[in-house]
Amino acid sequence: MQLSSVRIEKPEDVNLILGQAHFIKTVEDVHEALAGASPRLQFGLAFCESSGPRLVRRSGNAPELVDLATRAAQAIGAGHAFVVFLREGYPVNVLNQVKAVPEVCRVFCATANPVQVVVAETEQGRGILGVIDGCTPLGVEREEDVRERKELLRRIGYKL
């Protein structure tokens, strides 16, 4: 078995959802879940089909994000992996809808951070072992950090 890491390339203003599903219908159902979440949401998604023609299936409402997701899915190359890139919305706004799609088995991460995907490769194919989401913590929050966190959540409208 070979282990490798795949760095997900994305602009800073783009969020990522990386998961695993189990059926070709995933692309259409995840598209519908995202499109129904917000009329402003821009997204692109790609799904690595793991049997039959084994194509990277793709969809979305923002061609740039569809291309980005397709390139990421190709780089990961793991069966049944899916990649969603978002703009004008955050994973927290759509994650429950994505997880509720019947084909979705798991979500590895939902983030705006830099991501590396840890991939195992055998004679059969490739699989995702996990992700490295962001960077290592530098310490524990102090009272000032708690205050700033709470202010941020209120400023962006997530808390009263």
**Student:** Show your working on side chain to side chain contact (heavy atoms under 4.5 Å, CB included) between V98 and L34 and close with a plain yes or no.
**Tutor:** CA-CA 7 Å; V98 170; L34 293 168; 3.9 Å; yes

**Student:** With sequence neighbours left out, what residues match L138 under side chain to side chain contact (heavy atoms under 4.5 Å, CB included)?
**Tutor:**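 Scan of L138 (side chain to side chain contact (heavy atoms under 4.5 Å, CB included), adjacent residues dropped) gives none.
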
**Student:** For A72, check side chain to side chain contact (heavy atoms under 4.5 Å, CB included) against everything at least two apart and list the hits.
**Tutor:**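 For A72, the residues satisfying side chain to side chain contact (heavy atoms under 4.5 Å, CB included) (neighbours in sequence not counted) are I8, V83, F85.
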
**Student:** Which heavy atom in A62 sits nearest to a heavy atom in Q42, and how many Å separate them?
**Tutor:**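 Between these two residues, the closest heavy atoms are CB-CB, 4.1 Å.
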
**Student:** Could you measure the distance from the CZ atom of R149 to the NZ atom of K159? Nearest 0.5 Å is fine.
**Tutor:**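 That separation rounds to 10.0 Å.
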
**Student:** Closer than 4.0 angstrom, basic N to acidic O: yes or no for R57 and E28?
**Tutor:**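 E28 and R57: not salt-bridged.
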
**Student:** Return the CG to OG distance between L65 and S59, rounded to the nearest 0.5 Å.
**Tutor:**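 It is 12.0 Å, given to the nearest 0.5 Å.
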
**Student:** Using the test ring pair (Phe, Tyr, Trp, His ring centres under 6.0 Å), find all partners of F43 that sit at least two apart in sequence or belong to another chain.
**Tutor:**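 Scan of F43 (ring pair (Phe, Tyr, Trp, His ring centres under 6.0 Å), adjacent residues dropped) gives H31.
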
**Student:** Is any side-chain heavy atom of C48 closer than 4.5 Å to a side-chain heavy atom of R54?
**Tutor:**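 No, their side chains stay 4.5 Å or more apart.
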
**Student:** Is there any side chain to side chain donor-acceptor pair (under 3.5 Å) pair reaching into residues 115-124, and which pairs are they, with sequence neighbours excluded?
**Tutor:**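 Not a single pair qualifies under side chain to side chain donor-acceptor pair (under 3.5 Å).
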
**Student:** Taking atom CE of M1 and atom CG of L129, what is their separation to the nearest 0.5 Å?
**Tutor:**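 Answer for the CE-CG pair, M1 versus L129, is 7.0 Å.
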
**Student:** Is there a path from L55 to V27 through hydrophobic residues (I, L, V, M, F, W, Y) whose side chains come within less than 4.5 Å of each other?
**Tutor:**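 Each belongs to a different hydrophobic cluster.
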
**Student:** Over all heavy atoms of both residues, which pair between A46 and A69 is shortest? Give the atoms and the distance, please.
**Tutor:**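 So the minimum-distance heavy-atom pair works out to CB-O, 3.4 Å.
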
**Student:** Should side-chain heavy atoms under 4.5 Å link Ile, Leu, Val, Met, Phe, Trp and Tyr, which residues sit in the same cluster as F23?
**Tutor:**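 Listed partners: I24.
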
**Student:** Under 4.5 Å between side-chain heavy atoms, hopping through other hydrophobics if needed: is there a path connecting V30 to L41?
**Tutor:**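 Yes; tracing contacts between hydrophobic side chains, which count when under 4.5 Å, links both residues.
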
**Student:** Identify the heavy atoms of R126 and V6 that sit nearest to each other, and give their distance.
**Tutor:**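 Heavy atoms of R126 and V6 come nearest at NH2-CG2, 3.7 Å.
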
**Student:** What pairs meet the side chain to side chain donor-acceptor pair (under 3.5 Å) rule with one or both residues in residues 67-77, with sequence neighbours excluded?
**Tutor:**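 Qualifying pairs, neighbours excluded: none.
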
**Student:** Testing I17, V14, N93, L45 for side chain to side chain contact (heavy atoms under 4.5 Å, CB included) with L86, which one passes?
**Tutor:**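 It is I17; the other options fail the test.
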
**Student:** Going by salt bridge (Lys or Arg N to Asp or Glu O under 4.0 Å), name the residues that satisfy it together with K25, two or more places apart in sequence or in a different chain.
**Tutor:**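 Once residues adjacent in sequence are excluded, the partners of K25 under the salt bridge (Lys or Arg N to Asp or Glu O under 4.0 Å) criterion are D29, E103.
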
**Student:** Go through the structure and list residues passing salt bridge (Lys or Arg N to Asp or Glu O under 4.0 Å) with D145, not counting sequence neighbours.
**Tutor:**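 With sequence neighbours excluded, D145 shows a salt bridge (Lys or Arg N to Asp or Glu O under 4.0 Å) to R142, given in chain and number order.
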
**Student:** Measure the shortest side-chain to side-chain distance between N113 and C135 over non-hydrogen atoms and say whether it is less than 4.5 angstrom.
**Tutor:**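 The answer is no; the side chains never approach within 4.5 Å.
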
**Student:** Only counting residues at least two apart or in another chain, list the ones meeting side chain to side chain contact (heavy atoms under 4.5 Å, CB included) with V140.
**Tutor:**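 So V140 forms no side chain to side chain contact (heavy atoms under 4.5 Å, CB included) with any residue.
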
**Student:** Is there a side-chain contact between V107 and L95, using heavy atoms and a 4.5 Å cut-off?
**Tutor:**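 A side-chain contact under 4.5 Å exists here.
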
**Student:** When you group the ILVMFWY residues by side-chain heavy-atom contacts below 4.5 Å and let the links chain together, are V56 and V119 in the same group?
**Tutor:**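 In one cluster: no.
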
**Student:** Once ring pair (Phe, Tyr, Trp, His ring centres under 6.0 Å) is applied, do any residues pair with F47, and if so which ones, sequence neighbours excluded?
**Tutor:**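 F47 satisfies ring pair (Phe, Tyr, Trp, His ring centres under 6.0 Å) with H80 only.
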
**Student:** Can you sort out the partners of I128 under side chain to side chain contact (heavy atoms under 4.5 Å, CB included), two or more places apart, ordered by chain and number?
**Tutor:**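 Checked I128 against side chain to side chain contact (heavy atoms under 4.5 Å, CB included); matches are L18, I76, A78, A81, F108, V117.
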
**Student:** Between E143 and R147, does any NZ, NE, NH1 or NH2 come within less than 4.0 Å of an OD or OE carboxylate oxygen?
**Tutor:**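 Judged by the 4.0 Å cut-off on N to carboxylate O distance, R147 and E143 do not form a salt bridge.
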
**Student:** Atom CG in L152, atom CD in E148: separation rounded to 0.5 Å?
**Tutor:**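 So the CG of L152 and the CD of E148 are separated by 9.5 Å.
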
**Student:** For a quick test of reading the model, state the closest non-hydrogen atom pair linking E9 to L68 and the distance between them.
**Tutor:**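 It is O-CD1, 3.6 Å.
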
**Student:** For R40, give me all partners under salt bridge (Lys or Arg N to Asp or Glu O under 4.0 Å), at least two apart in sequence or on another chain.
**Tutor:**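 R40 satisfies salt bridge (Lys or Arg N to Asp or Glu O under 4.0 Å) with E88 only.
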
**Student:** In this structure, are over 12 heavy atoms from other groups packed under 6.0 Å from R7 atom CZ?
**Tutor:**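 For R7, atom CZ is not crowded (no more than 12 foreign heavy atoms under 6.0 Å).
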
**Student:** Do D133 side-chain atoms and A112 backbone N/O form a donor-acceptor pair below 3.5 Å?
**Tutor:**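 Pair absent, no side-chain N/O of D133 close to backbone of A112.
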
**Student:** Considering non-hydrogen atoms only, spot the tightest contact between G79 and S50 and give its length.
**Tutor:**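 The answer is CA-CB, 3.5 Å.
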
**Student:** Hey, what do you get for CG (L16) to OG1 (T111), rounding to the nearest 0.5 Å?
**Tutor:**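 These two atoms lie 7.0 Å from each other.
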
